[in-house]
*Asks:* 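Sharing a structure below in C-alpha cells format, with a few things to ask.
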Amino acid sequence: MPLKIATATQSKFAKLGIHTPFDLVLHLPLRYEDETRITRIADLKPGEAAQVEGEIIHSEVMYRPRRSLVCQLQDDSGILYLRFLNFYPSQQKQLAVGKRIRALGEPRMGFFGDEMVHPKCRSAGEATPLKQALTPIYPTTAGLPQATLTKHIHAALNELPLDDTLPEAIKKRLHLPDFDASVKLLHQPPPNIDEDTLLARAHPAWMRIKFDELLAQQLSMRVHYRERSLRVAPKLGAHNKLTDGLLKDLPFALTNAQKKVWHEISNDLARPHPMQRLLQGDVGSGKTVVAALAALQAIENGFQVAFMAPTEILAEQHYLKLRDWLKPLGIEPVWLSGSLKKKDKTAAAERIASGETMLAIGTHALFQTSVEFKKLGLVIVDEQHKFGVQQRLALRGKGAEPHQLMMSATPIPRTLAMSYYADLDVSVIDELPPGRTPIVTKLVSDARREEVFERVRAACLEGRQAYWVCPLIDESEALQLQTALETHATLTHIFPELRIGLAHGKLSSAEKAETMAAFKAGELQLLVATTVIEVGVDVPNASLMVIDHAERMGLAQLHQLRGRVGRGAAESMCVLLFQQPMSELARARLKIIYENTDGFEIAQQDLRLRGPGELLGARQSGVPMLRFADLAEDDKLLNKARDIADEMLRDFPVEAQAHLQRWMANEPDYLRT
Ligand code: ADP
Ligand code: MG
C-alpha cells in the first residue's frame with residue numbers, strides 16, 4: 001500500500017479484506033450517527049437516536065441494582081440521566097459536575113426519568129463546531145478502532161484518483177451519479193440526507209457502486225468469453241448419420257424444448273471454437289438424450305467423447321443407458337471409475353489412449369493423469385455444479401481444446417446464471433416430456449409416521465415401488481451409515497411381506513449396481529436409500545417417495561429427490577416427514593417445496609433464503625462474490641450492466657480496462673488458472 005499504514009494496522013485491515021488503498025474507498029459504512037445537530041432534551045423521542053448538549057449537574061456511582069455511574073445532564077429544556085455499567089476513571093472525570101458535554105445515544109424511559117445507557121460522550125465548549133456530515137460507523141475487527149479506520153479511509157478518499165471509469169454518455173443515459181461523488185457521499189453523507197434510502201442501499205450513490213461492481217463482474221466474464229471464442233477447436237459438423245440413427249431408434253420423439261437446445265448445441269459443435277455451453281433443465285426434462293446426440297455428432301467426426309458424472313450410481317446409469325442406445329449404431333462405450341480393479345482400469349485407459357473406444361463414461365476418474373485420450377473432441381459433464389472449477393479445467397487440458405457441454409439439473413435462477421455464468425452460453429430445456437403426472441407433495445408430522453407406513457405398504461402391494469430416503473446426518477459419515485442400516489432394519493421388521501433393498505454411499509460399486517438393477521427390474525419393492533439417489537436415478541415405476549426428516553435437507557436436495565418419482569404414468573406422491581421443533585429456515589424451506597414444483601421458482605426462492613454463495617456450491621471457490629449488489633433485488637441493474645459491458649468492450653476498451661483494473665486488481669484470475 002502506498003499510503004502510509006503501520007504494519008500492525010495492515011494485518012487488521014487484511015482481516016477486513018482491505019489489501020489496497022482502493023479497498024479502503026470501498027469499505028463502506030454499516031450505518032451512520034448524526035452528530036450534525038443538537039436536540040433539546042425536552043424534544044427527545046424514546047428509541048430515536050439523538051445528540052444532546054448540556055452541563056453535568058450531578059454525578060454519582062450507585063451500587064444497586066448493579067455498580068454503575070449515573071449522571072444528570074441538564075440543558076435549558078430539561079434533565080436527562082446518563083447511565084454507564086462499565087466505566088473508567090477517565091470517564092468519571094470527563095463527566096464530573098460542572099462539565100459541558102455532548103451525548104449521543106438512544107433515549108428511553110428509565111427508572112428516574114428519560115435516560116441514555118452508554119451514550120457516546122465528548123467534551124464540548126461553547127464554540128465546539130458541529131459535524132458537517134453524518135458520522136460513518138464501519139464494519140471493523142478487534143483492536144481496530146473506528147477512529148483509525150475513519151482516518152485511513154478519509155486519507156484514501158482525498159489522495160487516490162477517483163476518476164470515473166464510465167464514459168460520460170453511458171453515465172448520462174443510465175442517470176448514474178459520478179463515482180467520485182458517490183463514494184464520498186456514502187462515507188460522509190450530508191446532514192439532511194434521507195437515511196432510510198441510504199441504509200436500504202437505494203440511494204443513487206449506492207446504485208452507482210452496485211452498478212460498477214456488477215459491471216466489473218460482467219466485464220471480466222465477457223472478456224474471458226471473448227478470448228475463448230478466439231481459440232481454436234475441431235469443427236464437428238452435423239453429418240446426421242449417427243444422430244439420425246439414434247433419433248429413429250428412440251421410443252419417443254424429442255420435445256420442442258429438446259429440439260431447440262439440440263439445435264443450439266449442434267451448431268456450436270460445428271464452429272471452429274470451443275463450445276462452453278451449460279445445458280439446464282429441471283429433473284426429468286430429458287437432458288441425457290441431448291447429451292447422447294452431442295456425443296454422436298463428435299463421434300461422427302472421428303473425435304472421442306468423455307462423459308463424466310459426479311457419482312458412480314449416476315455415471316453407471318448413463319453408461320448402461322448409452323450402451324443400449326448406441327449398440328445398434330455399432331458404438332460401444334467404455335466404463336471407467338475409481339472403484340474398478342487396477343487391471344480393468346488400465347485396460348479401459350488403454351482403449352481410450354489407442355482410440356479404440358470413442359466414448360468413455362465414468363466418474364472423475366476420467367480426468368486422472370493416467371488417462372490419455374487419443375483425440376478428445378467433446379467433454380460432457382453431468383451435474384456440473386458438483387465438480388469444482390479446477391476439476392473441469394483439468395479435463396479440458398486433456399485434448400487440444402475440446403468442446404464442453406455442462407449439464408445441470410439444479411436450476412439456476414436467471415440472475416445467478418446471468419452473473420456467475422456470464423462466461424458460458426446457456427441452453428434451457430423448459431418443458432417436460434409429455435405424459436408425466438404431477439407429483440402430489442404431502443407434509444406429514446413424524447407423529448403420524450404409522451400412517452405413512454401403511455401408505456408405503458399399500459403402494460407396494462399394488463405393484464408400485466417406493467423410495468424411503470434416510471435422514472441426512474451432516475456431521476459424520478459413520479452416523480449416516482448407521483442411520484441407513486437402522487432404518488433398513490426397522491422397515492424390514494415393519495414390512496415382513498415386502499422385498500426391501502438398501503443403497504448407501506459405502507456399498508461397493510458392484511453391490512450398488514446390483515441393488516439398483518434389482519430395484520429397476522422390480523425385484524425390490526422398497527428401496528431404503530441415503531441421498532446417494534439424489535442425482536439422476538431413473539426408475540419410472542417408482543411412484544412413492546418418503547423423505548425422512550425432510551426438515552434437515554436443503555431445497556435443491558429436496559427438489560432433486562422428489563424428482564425421482566413422477567417419471568411414469570402412475571400418480572406419484574412425495575411424503576415429507578418432518579420432526580418438530582423446526583428452525584425458521586427449515587419451516588421456510590418446507591413451505592417452498594410444498595407450494596412449488598417448478599425448479600426455477602424453487603431456485604429463485606432459495607437464492608432469497610441463502611444468497612448466491614451457498615447456491616453456487618463448488619463453483620464459488622475462486623469466484624469473487626458480489627459485496628454490494630444483491631442478485632435477488634438488483635436484477636434491473638444486472639441487466640443494464642450486462643448490456644453496458646458488451647458496449648464498453650466494443651466501443652470503450654480503454655475505459656473497460658480501467659474499470660476492470662479498479663475493481664478486479666485483487667482477484668486471483670480464476671478463469672485463467
Ligand atoms: P434429466 O434431464 O433429469 O437427466 P433424463 O435424461 O434422465 O432426465 O430423462 C428422464 C426420462 O425421460 C428418461 O426415462 C428418458 O428416457 C425420458 N425422456 C427423455 N426425453 C423424452 C421425450 N422427449 N419423451 C418421452 N420421454 C423422454
Ligand atoms: Mg440427468
Side-chain angles (χ1 to χ4, degrees), residues 243 246-263 265 277-296 307-328 361-363 380-387 405-412 426-439 465 467 516-517 519-522 531-543 545 556-570 572 574 597-600 602-603:
T243 47
L246 173 61
L247 288 171
K248 219 166 61 241
D249 288 349
L250 284 176
F252 51 76
L254 295 188
T255 62
N256 284 332
Q258 283 170 317
K259 282 184 196 152
K260 181 192 71 191
V261 301
W262 164 230
H263 188 68
I265 293 165
R277 189 170 278 278
L278 177 67
L279 173 58
Q280 282 204 68
D282 212 341
V283 281
S285 60
K287 294 182 289 297
T288 319
V289 66
V290 176
L293 288 166
L296 288 176
F307 189 168
M308 183 167 89
T311 66
E312 288 219 1
I313 287 190
L314 185 53
E316 180 148 36
Q317 193 172 277
H318 284 329
Y319 170 69
L320 296 175
K321 188 162 231 167
L322 266 72
R323 196 181 60 182
D324 286 351
W325 278 347
L326 305 194
K327 196 172 195 168
I361 302 178
T363 58
I380 302 172
V381 185
D382 197 11
E383 302 299 332
Q384 59 85 31
H385 61 283
K386 303 257 168 179
F387 292 97
L405 178 64
M406 289 154 275
M407 305 200 284
S408 173
T410 301
I412 302 162
V426 180
S427 291
V428 182
I429 306 184
D430 51 9
E431 136 187 52
L432 292 180
R436 302 268 164 91
T437 35
I439 305 166
Q465 289 171 281
Y467 296 99
M516 291 314 295
F519 188 59
K520 203 157 190 161
T531 51
V532 294
I533 60 154
E534 175 191 337
V535 283
V537 172
D538 185 30
V539 180
N541 191 45
S543 60
M545 167 169 288
Q557 197 162 35
L558 287 169
H559 179 64
Q560 284 291 319
L561 285 168
R562 184 171 59 181
R564 300 304 118 217
V565 291
R567 304 194 144 228
S572 292
C574 178
T597 50
D598 176 4
F600 282 92
I602 291 169

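Read the numbers this way: they start at 1 and go in the same order the structure lists the ligands and their atoms. Residues take their numbers from the sequence shown, with the count starting at 1. Since this is a predicted model, take the numbers as computed values, not measurements.
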*Asks:* Are any side-chain N or O atoms of Lys321 and backbone N or O atoms of Glu316, one a donor and one an acceptor, separated by less than 3.5 Å?
*Replies:*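 No: the side chain of Lys321 does not pair with the backbone of Glu316.
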*Asks:* Using a 4.0 Å cutoff against the non-hydrogen atoms of Thr255, which atoms of ligand 1 qualify?
*Replies:*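 Taking each heavy atom of Thr255 in turn, ligand 1 has 23 (N) under 4.0 Å.
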*Asks:* Please confirm whether Trp325 comes within less than 3.5 Å of ligand 1 when only nitrogen or oxygen atoms on both sides are compared.
*Replies:*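 No: no nitrogen or oxygen of Trp325 is under 3.5 Å from one in ligand 1.
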*Asks:* Between Lys287 (side chain) and Gln280 (backbone), is there a donor-acceptor pair under 3.5 Å?
*Replies:*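 Between the backbone of Gln280 and the side chain of Lys287 there is no qualifying donor-acceptor contact (under 3.5 Å).
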*Asks:* I need the contact type for Leu254 against ligand 1. Using non-hydrogen atoms and a strict under-4.0 Å cut-off, is it side chain, backbone, both or neither?
*Replies:*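 Looking at Leu254 and ligand 1, just backbone atoms fall under 4.0 Å.
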*Asks:* Go through it in stages, so that I can follow the logic: the residues are Leu296 and Leu326, the test is side-chain contact (heavy atoms from CB on, under 4.5 Å), and I'd like the CA-CA distance, side-chain angles, deciding distance and then a yes or no.
*Replies:* CA-CA 9 Å; Leu296 288 176; Leu326 305 194; 3.9 Å; yes
*Asks:* Heavy-atom distances under 4.0 Å are what count here, so tell me which part of Met407 touches ligand 1: side chain, backbone, both or neither.
*Replies:*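 For Met407, there is no contact with ligand 1 at all, from either part.
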*Asks:* N/O to N/O below 3.5 Å, does that happen between Gly281 and ligand 1?
*Replies:*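 No, Gly281 has no N/O under 3.5 Å of an N/O on ligand 1.
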*Asks:* If you round to the nearest 0.5 Å, how far is CE of Met407 from CG of Asp382?
*Replies:*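 So the CG of Asp382 and the CE of Met407 are separated by 4.0 Å.
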*Asks:* Nearest non-hydrogen atom to atom 7 (O) of ligand 1 belongs to which of Leu314, Leu250, Thr288, Val539?
*Replies:*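 Looking at heavy atoms only, the winner is Thr288.
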*Asks:* Identify, by atom number and element, the atoms of ligand 1 in contact range of Ser285, meaning under 4.0 Å from any of its heavy atoms.
*Replies:*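 Once the distances to Ser285 are compared, the set is 2 (O), 8 (O).
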*Asks:* Do the ring planes of Phe252 and Trp325 sit parallel (below 30°), tilted (30 to 60°) or perpendicular (above 60°)?
*Replies:*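 Rings of Phe252 and Trp325: perpendicular, as their planes differ by over 60°.
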*Asks:* In sequence, state the C-alpha distance, the side-chain angles, and the governing distance for Ile265 and Arg277, and then conclude on side-chain contact (heavy atoms from CB on, under 4.5 Å).
*Replies:* CA-CA 8 Å; Ile265 293 165; Arg277 189 170 278 278; 3.8 Å; yes
*Asks:* For the residue pair Tyr467 and Phe519, is the inter-centroid distance of their aromatic rings smaller than 6.0 Å?
*Replies:*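 Centroid distance Tyr467-Phe519: below 6.0 Å, so yes.
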*Asks:* Say whether Pro433, considering both its backbone and side-chain N or O atoms, lies within less than 3.5 Å of an N or O atom on ligand 1.
*Replies:*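 The answer is no, given that Pro433 and ligand 1 share no N or O pair closer than 3.5 Å.
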*Asks:* Can you name the atoms of ligand 1, numbered from 1 with element, that are less than 4.0 Å from a heavy atom of Ala253?
*Replies:*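 So the answer, numbered in order with elements, is 22 (C), 23 (N), 24 (N).
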